[in-house]
Amino acid sequence: METAEPLLDVAGLRVVFPGADGPVHAVDGVDLRLAAGQCLAVVGESGSGKSVTARALLGLAGPTATVTADRLRVAGQDLVNGGRPDWRALRGRSLGMVLQDAMTSLDPLRTVGAEIAEPLRNQWHSGPRRLLPAGRAVRERVLEQLRAVQVPEPGIRARQYPHQLSGGLRQRALIAAALVSGPPVLLADEPTTALDVTVQARILDLLAAQRAAGTAILLISHDLAVVGSLADRIAVMYRGRFVEEGPAAQLLTDPAHPYTRTLLDAVPSRRPRGARLSLPVARTEPERSGGCDFAHRCPLVEDGCRTSEPARHEVTDGHSALCRRLGVPLPRPADTAAAPTRPVSSGTPLLEAKGLTKSFPGPGHSRRTVVRDVSFSLYARETLAVVGESGSGKTTTAQLALGLLEPDAGWVRLRGEPWSGVPERTRRAARRRLQHVQQDPLSSFDPRYTVERVVAEAFGTPDRGTVRRQLPRIGELLESVGLDPALRTRRPGELSGGQRQRVAIARALATDPELLVCDEPVSALDVSVQGQILDLFRDVQQRTGVALLFISHDLGVVGHVADRVLVMREGELVESGRVDDVFGSPAHPYTRSLLSALPRLPEPEPEGPRTAPPRGAHAR
Amino acid sequence: MSGVLRWLLRRLLSAALVVAGAATVAFAGMALTPGDPVRTLLGTSPATPEVVAEVRADLGYDQPLAVRYARFIGRLCTGDLGDSYQLQEPVGQVLAEQLGPTLELALAGFTLGLAGALLLAVSTAGRRRLPVRAASLFELTTVSAPGFWTGVLLLGLFSFQLRFFPAAGDTGAASLVLPAVTMALSIVGTFSQVLRDAMERALDQPFVLSARARGTGELALRVRHVLRHGLLPLTTLSGWTIGALLSGTVVIETVFSRPGLGRVLAAAITSRDLPVVTGVVVIAAAAFSLLNILVDVVYRIIDPRLRSTLP
């Protein structure tokens, strides 16, 4: 406060991990400054080094990491030239940290109050000049902090355990634990990623209030929309470097670096419905050369990019990018079908559900009704989305549709034939007509199987004989989802998230299904990979005419891919209709609250004509 | 709260069933063992057929199997385990006398072993290589060393050479030290390995990063957070181990010439004193069942997530 010195002042931060093929430069020369009441957001895909950057500021990059910096000053303390830094005194008191997913970031065996009190207790152990605060004072401080993060009934909540709290309250408790010692800087690493959209909006409001009260926030996120609502400045991180940095509004409306531009182009809510989100994919990662790290994915790549390191260029004052091709127009993904063909919603529905109700045993002898009186029909070639927050019954609805659960009441028909309430033996022959794509393919694959055996599972027995007989078909399937058939001998653990989801889709397509039930198929993916997978779904649908039942919590994604949408809340269908109608003029207050809670990116500034054909390659 | 009581009642009932089952198996074993129990009882002393018949009627061996079983279970329900053939005393009384020293030994050995394991695991979990290697070496040695050998070694050193502790008998606390240490050494390695493994898994969890980011020191981190997570698998192991220790005192009681259930059992088996064997089986089954209930209660104390989900 007394000086204009920034609270965080970092220059040339480098973090190196030992790797099997030589050292890995996770953070490769990062500069950042952050003053009181400001918010700097670091965005990037997974593995870009954004979390490691935050952890390095706390001395928590890990035991194998080598951290160096030209300048590293935190809240006035010089951590480079000042002997061995006293990290423990710094943690919690100068820098508070909030991690993603409070379910695993709070100790499940300790009460919320004990977790929040921990920084206070740590202080009396390490602060000899302080008087030990009495237990009562600690308790008072904990309750005060819980009130400050707007937790209702703090006295009760402090005595509860993390599993007894909702996701939003847990995240508030985690924020309270980070703020209880009054650190001037808050590091928030994906603070809203696992949360429902309405809860996310409230947590973002809370962080905004903290910033307004003078806390400096370093926000780390993969979600550009989340970042846009909170940050003053945004740094885009790619392979350990800030490839672009600038004022939030300017960077989001007028991005300079090709990576930022492809990222923003991949955000579904910013593009017309049905438009392509990604450029053609390079199937293999090229060798790392001496030039720009982004060259192999860059649509604007030229020979010079591959041989010489890019320099930092100022775009405008305070907005810079690490690229030699600034100002060159970026090709937009070619829209082969400008107006997607409208499916015909008439005749016999492919799948019809009427009055579906399902309950599960709850505590004691009660029953919890998870799905109540849900009816819908799904026609061939159509994408029907089910949106809702966690616990709304989306997944149960999907499992009822798949015939994996029997409804307590109501029925499901497949092409007019009874699908629910019939013995499994009758259903089995038709099972191949419906396939399932799950959120986390890694846990839906046998980790010991190779890709070819995972796909061969769809033909019945995943033994080597099946693989041998079906080898050409497996190769064809992998090609059709944009995978190099050479990947067929890999195991799921060796693939990237996007590649795994492609394998899951290849497996689902193996039986030429009429319907794919996709349960949050892109929720675990980075935005650029998400764009590729959404494009893939569209390509597959146009090629094969498969219908999609698309479960998602992400309204941006749903608005982009779906023809019709069902909005669910606490097991009930509150609204349904064509996406344009429902999202354009929502009738139900719940739909309106969902839509208003959705963080939105500013509209891009109109650029010159984007007609240049795609060059080079994009994405993993 | 009534839910907890109902749960406890149900567990106790099922424990009673387990004990009854164990008693039945023991009875069946007794009935199926070749040889005449009456002859065993009379030993080598010459007996007229009249005497044999009299003893047989006395013990009820002239009755059909079903009647004998019914009587056996009936007596068991009143706590009567029958009379020992060898000692001519009620089995209940014999075992009651011997249970004390055995419990004392088992508890002392277990507590010592647990304390050692806690110390080893907390000081080495997630630490640098060298201390972990040293601890692992110690653990491997103790796990591999059989109890009778460790016992003899300790006896040789501390009783015969240094004369710190008495070599035999049960004469107060000093005589408990070596047997308890022997027993502790047999469990400390396994306990410490299980505990460290679970603690290291907990150390990889995000909440540990959270705690470190709050300025929690490494020792406080282990004691406040990680240790409780490590105690979960250790509790499972403990329930099994204490039960095994009760019956596994045979070797240690023999080596150190201590009184106790183990020695009584060993003697009863060699002399085919079947009522005593049955009695030990019933007591061991009861101990195992009660320990398992205790383990489940301890689980609920350690892990709050289990408290809200009573089966």
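A note on names: the letters A, B, ... follow the listed sequences, proteins ahead of strands, and every chain is numbered from 1.
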Looking only at atom types and distance, does a side-chain atom of A:Arg88 sit under 3.5 Å from a main-chain N or O of B:Gly215, one as donor and one as acceptor? yes
Compare all side-chain heavy atoms of B:His225 with those of A:Glu115 and state whether any distance is below 4.5 angstrom. yes
For A:Leu187, is it the side chain, the backbone, both, or neither that has a heavy atom closer than 4.5 Å to a heavy atom of chain B? neither
Per-residue contact mode, A:Leu58 against chain B (heavy atom under 4.5 angstrom): side chain
Correct closest heavy-atom pair for A:Arg91 and B:Arg212 would be CD-O, 2.9 Å
State, with a plain yes or no, whether a side-chain heavy atom of A:Val180 is found less than 4.5 Å away from one of B:Arg214. no
Could you look at B:Ala211 and say if it's the side chain, the backbone, both or neither that has a heavy atom under 4.5 Å from chain A? both
If you count heavy-atom pairs under 4.5 Å with chain B, which of A:Glu118, A:Gln100, A:Met97, A:Arg55 comes out on top? A:Glu118
Choice from A:Leu174, A:Leu106, A:Val98 maximising heavy atom contacts with chain B below 4.5 Å: A:Leu106
Measure from the side-chain N and O atoms of A:Ser105 to the backbone N and O of B:Ser210, and report whether any donor-acceptor pair falls under 3.5 Å. no
For A:Leu109, is it the side chain, the backbone, both or neither that has a heavy atom under 4.5 Å from a heavy atom of chain B? both
Compare all side-chain heavy atoms of B:His229 with those of A:Asp107 and state whether any distance is below 4.5 angstrom. yes
